[in-house]
Amino acid sequence: TVEGISGKHRVRVWCIDEMHTNPYALSLRENIGSKPTADQIERMREEGSLKPVNEYDQNFDIDKDVKIELTNNALALIEIE
């Protein structure tokens with residue numbers, strides 16, 4: 001529950017977990033070996049860049065709860081703009 005905010009705002013959820021922002025997990029999923037190609041290196045760099053996993057508008061006058069689903073060992077940042 002978010003307190004002290006009213007009206008419509010943009011919500012962004014940033015996450016680091018097994019499936020998001022994790023180049024090591026990507027290398028395991030795609031079986032990238034010890035000598036990755038230039039394309040594989042670029043994909044791992046992109047995977048390591050923090051980006052929102054969810055982004056939406058929410059009216060906090062109606063609903064003050066920000067709903068997120070986390071996996072084990074996940075770290076999330078919720079940004080309300």
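A donor-acceptor pair is defined here as one N or O able to donate and one able to accept, closer than 3.5 Å; no such pair exists between the side chain of Glu30 and the backbone of Ser27. With Gln58 contributing its side chain and Asp65 its backbone, the two residues share a donor-acceptor pair below 3.5 Å. No donor-acceptor distance shorter than 3.5 angstrom exists from the side chain of Asn54 to the backbone of Val13, with no hydrogens or angles considered. A side-chain donor-acceptor contact under 3.5 Å links Asp61 to the backbone of Gly7.
No side-chain heavy atom of Arg45 sits under 4.5 Å from any side-chain heavy atom of Pro23. Between His20 and Asn22 there is no side-chain heavy-atom pair separated by less than 4.5 Å. Put simply, the side chain of Arg10 reaches to within 4.5 Å of the side chain of Glu55, judged on heavy atoms. Arg29 places a side-chain heavy atom less than 4.5 Å from the side chain of Met19. Counting only heavy atoms from C-beta outward, the side chains of Val11 and Asp57 never approach each other to under 4.5 Å.
If you take CD on Glu18 and CG on Leu26, they are separated by 12.0 Å, rounding to the nearest 0.5 Å. Once rounded to the nearest 0.5 Å, the distance linking CD of Glu46 with CD1 of Ile41 reads 14.5 Å. Thr1 contributes atom OG1, which lies 8.5 Å from atom CG of Asp63 (distance to the nearest 0.5 angstrom). Glu47 CD to Met44 CE: the interatomic distance, rounded to the nearest 0.5 Å, is 10.5 Å. The distance from atom CD1 of Ile5 to atom NZ of Lys64, rounded to the nearest 0.5 Å, is 7.5 Å.
What you find for Leu50 and Cys15 is that their closest heavy atoms are CD1-O, 4.1 Å.
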Counting only pairs under 3.5 Å, give me each side-chain donor-acceptor contact of residues 72-81, with atom names and distances, residues two or more places apart or in other chains.
| from | atom 1 | to | atom 2 | distance (Å) |
| --- | --- | --- | --- | --- |
| Glu79 | OE1 | Trp14 | NE1 | 3.1 |
| Glu81 | OE1 | Arg12 | NH1 | 2.7 |
| Glu81 | OE1 | Arg12 | NH2 | 3.0 |

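Sorted by first and then second residue, the ring-ring contact (aromatic ring centres under 6.0 Å, His included) pairs involving residues 41-70 (not counting sequence neighbours) are His9-Phe60.
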